[in-house]
Structure formats: structure tokens, C-alpha cells
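Notes to accompany the following structure.
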Amino acid sequence: MLDIKLIREEPEFVRQQMAALQDADAPVDRVLALDEERRHLLTKVEDLKARRNTESKRIGQLMREGNREEAETLKAEMSGVGDQIKLFDDRLRVIDEELFDAMSRIPNLPLPSVPVGKDDSENVVVRTEGTPRTFDFEPRPHWELGEALGIIDFERGVKLSGSRFYVLKGLGARLQRALITWMLDVHIGQGYDEVYVPFVVREQCLFGTGSLPKFAETLYRDIEDDLWLIPTAEVPVTNLYRDEILPAGSLPIKHVAYTPCFRRERMSAGRDVRGIKRGHQFDKVEMVKFVEPEQGEAELDSLVADAEEICRLLAIPYRVVQMCTGDLSFVAASKYDLELWSPGVQEWLEVSSCSLFTDFQARRANIRYRPEEGAKPRHVYTLNGSGLALPRVVIAILETYQQPDGSVTVPEVLRPYMGGVDVIR
RNA sequence: GGAGGGAUGGCCGAGUGGACUAUGGCGGCUGUCUUGAAAACAGCUGUGGCAGCAAUGUCACCGGGGGUUCGAAUCCCUCUCCCUCCGCCA
């Protein structure tokens, strides 16, 4: 949610930013019209209420004095005022709802540092680290390696739950579990506090992070209890402090959480159907930060660095890509993706998205802090980044560390987490 | 799943239709006294919207939403959450 004052005072600037975001549907003009009508009605209805408050007090006073007739006259008069107030209040309620709906459909504004571009073709590769391994044999894709090693079972996954589900077995399951534990440990070492959170949440949490109302069709939902499966740990972790005013001195707050993620992938039907790249259920270790506005951009840089550390320690080549305005998500003001090179599928796999949301989520979720004791509350800035998304890291490991005989060497850093196993065969 | 009891300010807790501008206490802040501190005493105390350059004014908020009434913390409906007892359960 943007600050409505900004839209009211700088409408031309906001329109211009919407154009840069390639968002032609953002209802800026509607917000302006509704806002004006709302304020007009507010002053009218509040005058009426002020009058009713004073006159009602007088009625009480007259009744105590035993002056029945005058009290009754005033009552009759106030009854009419009450009817008017009700009319205005009803109208206001409708306007408020419409305004809220319009406001919640306007995306966040990009930072000035974000390159302007029309779509993902104009994203900027900021840096590439590591050299892709050279093979003296044809590297195979992970689905061949995984099936041959008996560590990925696609058919039984489909039997259990349908397409885009799979089963990890033996050292495959163990590799994933090792990665989760190891990545959590690395991020804890970087100063993040681990949290374990619910995997189903109320609707309000999804609104807070910006997943609703716009992306409802990508989410799984339990109708009976009106709970939603989380599409990312970002949702429960960011909402930890929903409707709170954090006391002075509590920022920055840095959390790391392991959760599964559930996505219907209806937008991507038919894409990436082979292998484990895009499933309905996947695991992720996620970092979430709550910081003071002044620290926003610096905290984004350090968030990217914290996620990069995982790639670096795994010794897998990766690159950092900055999203241009046309490819920013609805809620992000600035965003970097981390992509691991995977030689079997011959592509850069997106394993992390690190975003700064400025105060956009904090407004929607009502998360504030006190800069100093006794000072007025301000909205925090929120950030999050995967560190990292699992199946794709598993893909990159299998494909990068594969041997001519189809076995896979276990990256050095993971061996202590695998009970000393150094090769999957 | 069944029965019952609750939700009031940073915290405890009173308040069953008008003096509530929410009693009282604790905590916190400021001041007086003191070399300093404690104690005592006095004053202050939340969030947001709208109007205004500002001082300020005004409205809303007693778990959420709706209703009754001239007037609601108080009465009615509804939802959420918490607690107690019983049953079931990894």
C-alpha cells in the first residue's frame, strides 16, 4: 500500500512511475476521485456528529433537571440529525471500501536506482561469479541422474498427488535435509534468528505481504477453515509483527525460517514440466528483515551478500541479476535474483529473489516501530530473500558435481551434514 | 466434539444507558526537595483520520464487524481469540 498522501500531493509523479512499471491498470485516478469525495463527506458528517454529541449531553442534563418537554423536543430534532448521519456514514462506508480496494491494487514504486525497462529482457546482470566447470563428457540433466541413482521417484510422486509432485529417496532426501540444516546454520552465523512458523495462514497475512488480492489463483486454500497454504515463508514471518508497534531499539530484526512452500502454478501451466524445477510443493530457507527506512538499500545489499554466501560455499557458478522496472514484482521497490548455473539443463536457475519492499508491506500489515522512546511510530521497511530455494539447488548440485559414471560428488561443506558421505552412487 | 467463563489504556483492574472528558493502582516521563540518589509530593501519559503554515479544533477507537437509542465500554446480533472442565487423539 502506498501512502495516500503521496498520491494526493504528487499524482503526476505516481502516474509516471506506474508507466515505468508497465502497469496500465493501476487505478490512480480512481483513488484521487474517491479520496476527494471521502474527505468532503468526512467534514460534513463530523460536523453533524459534533452537534449530536453536544446536544445529547444537553438532553441528559435536561432530563436530570426534570425538563421533560424541552428534552423531548431536542430528541425529535436529533433523531433527524441521526438519520442524516446514517446516510452519510453508509455512503462513507462504501467509499472507504472502494478506496481501500483501489489502493490495494496500486503496486509499490521502484527506487530511483532501479533501471527502467519494459520486461525481463532488460534486466541487468550485475556480476557473474565462478567459472562453469568444463566436462570431458556430455553432462546429463538431473532427472536422468536422479532416476538412475534411485534418489528421485517421479512416477510415485504422481501416483500420490498428481503432476508436479515427486518423491526424494535415500541420499536424495538426505541431501535436501542436509542443505536445509546447513543453510540455516550459515544464516544463523550471519546474525539471523531462526523461527519455526505455521504453514497455513489466515487471509489477512496474505494481504499483508501483497499476495492477495492479486494472486489468489496461485494459492492453495482450505475452504472449510478459511486458511491458505503459504506460498513462501515470507508470508508468516513478515506477519509475525503485524499490527504491532516495535519498541525503540528493536530494529533491525533479522529472521531465517525453513518452510515448505505451496503453489498451484496455474500461471505457468506447461512450463518446466520435466524434473523438479517447478513443483507444487518445494522447500525453502528464507531470510526476512525489518529495518529502519534509512537502512533500506544497504540492508538489501547485505541480504544479497548473505544469500550469495551459500552459492559461494557450494562452489557453484552463479550470477546476480537486477530486475528492471518492467519486471519488478507488485510489492518490490528493488529486487535482485540469484541464479545458479546448471550444466545438465544448460540454464541459469533462479534460486533466490532478494527484495526491498520499503514501507509497502508494512502499511498493508500495519507494522511500525518507535525511532526513539516516546517518539511517534513510523512504518518499518521490510525485506526478504531466499537463502535458498531447495529443489533448484539440488538440481545444480547433481548436475555440477556429476561424474562420468553417473555418481555425484557431495560438496565439501555438506559432508558433515550427510554423516560423512562424500559421493552419491 | 460437549458444557461453561472471559477479552477495557504499557500492565493490573473498576465500570450494567447520560457527571465516562474511562475510577483506582502499578509502571514510565517531568518538576519540587537533595551534594547525588531514594522516599515524599505535584503535574503529565495511547493510536489514527480530517481541517490548518501553525497554535489548535474536530471525529473515531473499551477484541473485530453490524444493530437498537437523542445518547452505548454498558443492551441486542454476529465473528475471532483466550481460559476452565469433560470426551477423543499423534
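Protein chains get the first letters and strands the later ones, always in sequence-line order, with residue 1 at the start of each.
- Atom CG of A:Leu41 and atom P of B:U58 are 21 Å apart (whole Å).
- The distance between atom CG of A:Asp83 and atom P of B:C70, rounded to the nearest whole Å, is 9 Å.
- B:C41 is paired with B:G31 under the criterion used here, namely a Watson-Crick or G-U wobble arrangement in which both key atom distances are under 3.5 Å.
- The base-pairing partner of B:A73, taking Watson-Crick or G-U wobble contacts with both distances under 3.5 Å, does not exist among the strands shown.
- Using a 4.0 Å heavy-atom cutoff across all strands shown, A:Pro247 reaches no nucleic acid atom at all.
- The side chain of A:Arg8 contributes no N or O atom lying less than 4.0 Å from OP1 or OP2 of B:G49.
- Atom CG in A:Asp47 sits about 10 Å away from atom C1' in B:C59, given to the nearest Å.
- The gap from the C1' atom of B:C20 to that of B:A39 amounts to 34 Å, rounded to the nearest Å.
- Comparing A:Asp35 and A:Gly60, the nucleotide of RNA chain B nearest to each residue sits closer to the 5' end for A:Gly60.
- When both pairing distances are held under 3.5 Å, B:C62 makes no Watson-Crick or G-U pair with any nucleotide shown.
- Minimum atom distance to the side chain of A:Lys86 is reached by B:U68, of the listed B:G48, B:U68, B:C50.
- Looking at heavy-atom distances under 4.0 Å, A:Lys376 makes contact with sugar-phosphate atoms alone, never a base.
- Using a 4.0 Å heavy-atom criterion, one finds that A:Arg52 contacts the sugar-phosphate atoms exclusively.
- Comparing B:G48, B:A51, B:C70 against the side chain of A:Lys75 picks out B:C70 as the nearest.
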Passes side chain to side chain contact (heavy atoms under 4.5 Å, CB included), A:Glu244 versus A:Asn366? Steps please.
CA-CA 7 Å; A:Glu244 289 191 31; A:Asn366 190 27; over 6 Å; no

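- Out of B:U58, B:U80, B:C50, the shortest distance to the side chain of A:Ala50 is found at B:U58.
- At the heavy-atom level, A:Asn53 lies under 4.0 Å from the strands shown only through sugar-phosphate atoms.
- Nucleotides B:U21 and B:U58 place their C1' atoms 14 Å apart, quoted to the nearest Å.
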CA sep, side-chain torsions, deciding dist, call: A:Gln295, A:Tyr381, side chain to side chain contact (heavy atoms under 4.5 Å, CB included)
CA-CA 8 Å; A:Gln295 305 305 316; A:Tyr381 272 25; over 6 Å; no

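- Under 3.5 Å, the side chain of A:Gln61 and the base of B:G18 form no donor-acceptor pair of N or O atoms.
- Listed nucleotides B:G48, B:G66, B:C50 differ in distance to A:Arg368; the shortest reach to its side chain belongs to B:G48.
- Nearest to the side chain of A:Arg39, among B:G48, B:C50, B:U21, sits B:C50.
- Checked against B:C70, B:G48, B:G49, the side chain of A:Ser79 finds its nearest nucleotide in B:C70.
- Candidate nucleotides B:G18, B:U58, B:G67 were compared by shortest atom distance to the side chain of A:Glu46, and B:U58 ranks first.
- Using a 4.0 Å heavy-atom cutoff across all strands shown, A:Arg51 reaches no nucleic acid atom at all.
- Using atom C1' as the reference point in both B:G43 and B:G4, the two lie 46 Å apart (nearest Å).
- No engagement by A:Leu74 is indicated, since no non-hydrogen atom pair under 4.0 Å with the nucleic acid exists.
- The number of heavy atoms from other shown groups lying within 6.0 Å of CD (A:Glu72) is above 12.
- In this structure, A:Gln204 places its CD atom where only 12 or fewer heavy-atom neighbours from other residues, nucleotides or ligands lie under 6.0 Å away.
- When all heavy atoms of A:Asp119 and A:Asp327 are compared, the pair lying nearest together is C-CB, 4.3 Å.
- Straight-line distance from the CD atom of A:Gln204 to the P atom of B:G63: 17 Å, rounded to whole Å.
- One atom, CG of A:Asp96, and another, C1' of B:C61, lie 15 Å apart when rounded to the nearest Å.
- One C1' atom belongs to B:U16, the other to B:G28, and the distance between them is 33 Å to the nearest Å.
- Across the protein-nucleic acid pair, A:Leu227 atom CG and B:C79 atom P stand 17 Å apart, rounded to whole Å.
- One atom, CG of A:Leu62, and another, C1' of B:A19, lie 15 Å apart when rounded to the nearest Å.
- When all heavy atoms are compared, the tightest approach of A:Val408 to A:Leu398 is CG2-O, 3.8 Å.
- Out of B:U47, B:G67, B:C70, the shortest distance to the side chain of A:Met78 is found at B:C70.
- Nucleotide B:G36 has no partner under the Watson-Crick or G-U criteria, as no pair reaches both atom distances under 3.5 Å.
- Nearest-nucleotide positions on RNA chain B for A:Met63 and A:Leu42 put A:Met63 closer to the 5' end.
- Listed nucleotides B:G49, B:C70, B:C59 differ in distance to A:Ser56; the shortest reach to its side chain belongs to B:C70.
- Annotation for A:Leu109 and A:Ala333: closest pair O-CB, 3.3 Å, computed over non-hydrogen atoms.
- For the P atoms, the distance linking B:A14 with B:G1 amounts to 32 Å, nearest Å.
- With a 3.5 Å ceiling on both atom-pair distances, the Watson-Crick or G-U wobble partner of B:G57 is B:C50.
- Within the 4.0 Å cut-off from OP1 or OP2 of B:G49, not a single side-chain nitrogen or oxygen of A:Arg38 is found.
- Counting heavy-atom neighbours within 6.0 Å of A:Arg8 CZ, excluding the residue itself, gives a total above 12.
- Rounded to whole Å, the P atom of B:C62 lies 23 Å from the corresponding atom of B:G5.
- Taking atom P in both B:A7 and B:A60, the straight-line distance is 24 Å, to the nearest Å.
- Nucleotide B:G1: paired with B:C86 (Watson-Crick or G-U wobble, both distances less than 3.5 Å).
- The partner of B:G17 cannot be assigned: no Watson-Crick or G-U wobble pair with both contacts below 3.5 Å exists in any strand.
- For the C1' atom pair drawn from B:G17 and B:G13, the interatomic distance equals 22 Å after rounding to whole Å.
- Straight-line distance from the CD1 atom of A:Ile245 to the C1' atom of B:G9: 12 Å, rounded to whole Å.
- Base pairing of B:G9: no nucleotide in any strand meets the Watson-Crick or G-U wobble criterion (both distances under 3.5 Å).
- Considering every non-hydrogen atom in both A:Glu234 and A:Thr209, the closest pair reads O-CG2, 3.8 Å.
- The phosphate of B:U47 has OP1 or OP2 within less than 4.0 Å of a side-chain N or O from A:Arg370.
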